[in-house]
Amino acid sequence: MFLGKKARGGREKNADIKGNHQAGDRMRPGVESDTVKEQAGSDMVILLQNWKSRVKRYKIYRAFLNVALAAGCMALVGMLYYYVDSSIPSIINIRAGAPESLRLDLPAKGEIVSVSDRGESNIPQGAVEIDLSKPVTLKAAMESSYQMQVKLFGFLHFKNIEIQVIEDQELIPVGAPIGIYVKTNGVLVVGTGEFQGGDGVSYSPGKYILKSGDYIRKINGEAVTEKDDFISRVEECGGNEILLEIERDGELMEVEITPVQNAAGDYKIGVWVRDNAQGVGTMTYIDSRGNFGALGHGITDVDTSTLMHMEGGTLYQTDIVDIQKGTAGNPGEMTGMIIYSDDRILGDITDNSTRGIFGVCNSKALEMGVREPLPIGLKQEIELGMAQILCTVDGSTRFYDVEITALHLDHDNVNRGIELTVTDPDLLSLTGGIVQGMSGSPIIQNGKFIGAVTHVLVQDSRKGYGIFIENMLEH
């Protein structure tokens, strides 16, 4: 019994001694100091690494914020520049001898100088300064021409404005549908393509020599104006090289092409050609001299999207036979029936420009000018708000209400200076808004003729664009 108890007690004692020995090791000063230093060093390294990482992230964030701030400032300056530039027209028309009000509401000043034949001003520098943040009234004689130097905030030179003195005039608004036939000046190249020769191989002799938009004026030195005539001359060449005189980008040049026989044995050069264009639009006005303006934009080729070079054209009386209403993403269209007979001719088209088509009316066309002439309204006189357009969609020519929502006095696209929205419930019911064929419909506001409809917004057929009437008269 004793031995057993002693043995158990000894084991317990040894256990106590061992535990006390370990506790003693932890309490030794030298061991504790080394362990703390090592731990502190490790912690310091980690702190330094974290600090460097945070500094690096901070620099990246700061650089990103600086770039974002710079980009934002540049965007703001760009938007301000665009706003100011579009708010200040490069050309201002004023009527001779009549006071014209101009309100730009811009933080800028303008200095008026008179321009002589030698390009020198006879007005002393600084003699005529205008505060463009306030309404301005201008009055000039017909024989005078001016320039206005615009300075933002009174010291930063921005742009020069040409002030043109024009003769006041009145126009008869028409708004009636017209059929249009235009003959190209030469044969228009629509595109090139391949055909299969008699040997089964594909050929395209005209590729890389002719391109879309070229006008073929001569073949082997002889003038060509008709598409069928040109095709016949190519087929009759006998496989010999032909010399073509073409107009490209306003320049004349000569090119050589060797036709190849197709599978049917006819000689071809692999080009698609056109010699005319037809369509339906709206007559805008008739002036006091019996001239007309229509469309408000030029006639472009449907395939090349280029303004057609016109040899001549004819205006025809037409009737609207069908209307496809415009919907979101799908512009509507008015379909007219054109009968190409002499008794339906309305006049000759003499000019096809970016501002519309223009020409001379005959007696039948003059009968369409049944309304009283209206004075033109210059762009600085137009107000945002209610206006009317004159058009024919149901067999009768009448006015429909629209709202002018924005004005771009110096827009890059001359045909989109006026933004408008159709508000008339009758027109919305008939057409859904603006549809193809309404181009040229007169825009009237406050008893003045201010412009013509030119485009429809594809996403919303209620909305569209118009050209200032003064721009249309500058053709």
Do you know which two heavy atoms are closest between [X] and [Y], and how far apart they sit?
X	Y	answer
L307	I299	CD1-O, 3.6 Å
D275	K183	O-CD, 3.3 Å
M472	A452	SD-CB, 4.2 Å
P205	I269	CD-O, 3.5 Å
T184	N276	CG2-N, 4.0 Å

| query | If we ignore angles and hydrogens, is there a donor and acceptor under 3.5 Å between the side chains of D394 and S396? | reply | yes
- Does the side chain of E167 come under 3.5 Å of the side chain of Q169 through a donor N or O and an acceptor N or O? no
Short N-O contact, K448 and E381, less than 4.0 angstrom:
yes
Can you pull out every salt bridge (Lys or Arg N to Asp or Glu O under 4.0 Å) where at least one residue sits in [range]? Sequence neighbours excluded, please.
range	answer
residues 355-370	R355-E474
residues 422-437	R398-D426
residues 234-246	E235-K268
residues 309-328	D319-R344

Sidechain-backbone polar pair: [X] side chain, [Y] backbone, donor-acceptor under 3.5 Å:
X	Y	result
D301	S305	no
Y215	H309	yes
T431	L428	no
T354	G298	no
T284	P173	no
Q445	M386	yes
S461	G432	yes
N415	G296	yes

Counting neighbours of NZ on K109 that are heavy atoms of other residues, nucleotides or ligands and sit closer than 6.0 Å, is the number greater than 12?
no
side-chain hydrogen bond (donor to acceptor under 3.5 Å, both in side chains) between D214 and S212, intermediate numbers included: CA-CA 6 Å; D214 287 346; S212 297; over 6 Å; no
From the list T335, I178, I180, I320, side chain to side chain contact (heavy atoms under 4.5 Å, CB included) partner of V280 resolves to I320
Test log, rule side-chain hydrogen bond (donor to acceptor under 3.5 Å, both in side chains), inputs Q147 and Q149
CA-CA 7 Å; Q147 283 188 354; Q149 300 172 352; 5.5 Å; no
Those residues at least two apart in sequence (or on a different chain) that pass side chain to side chain contact (heavy atoms under 4.5 Å, CB included) with S439 are L295, H297
Side chain to side chain contact (heavy atoms under 4.5 Å, CB included) filter on K379, not counting sequence neighbours, yields P89, L409, F468, E470, N471
Less than 6.0 angstrom separating the ring centers of F292 and F358, yes or no?
no
Exercise for review: Check the pair E222, R233 against salt bridge (charged side-chain N to carboxylate O under 4.0 Å, His left out), reporting the backbone distance first and the verdict last.
Suggested key: CA-CA 10 Å; E222 296 183 6; R233 293 193 194 185; 3.4 Å; yes
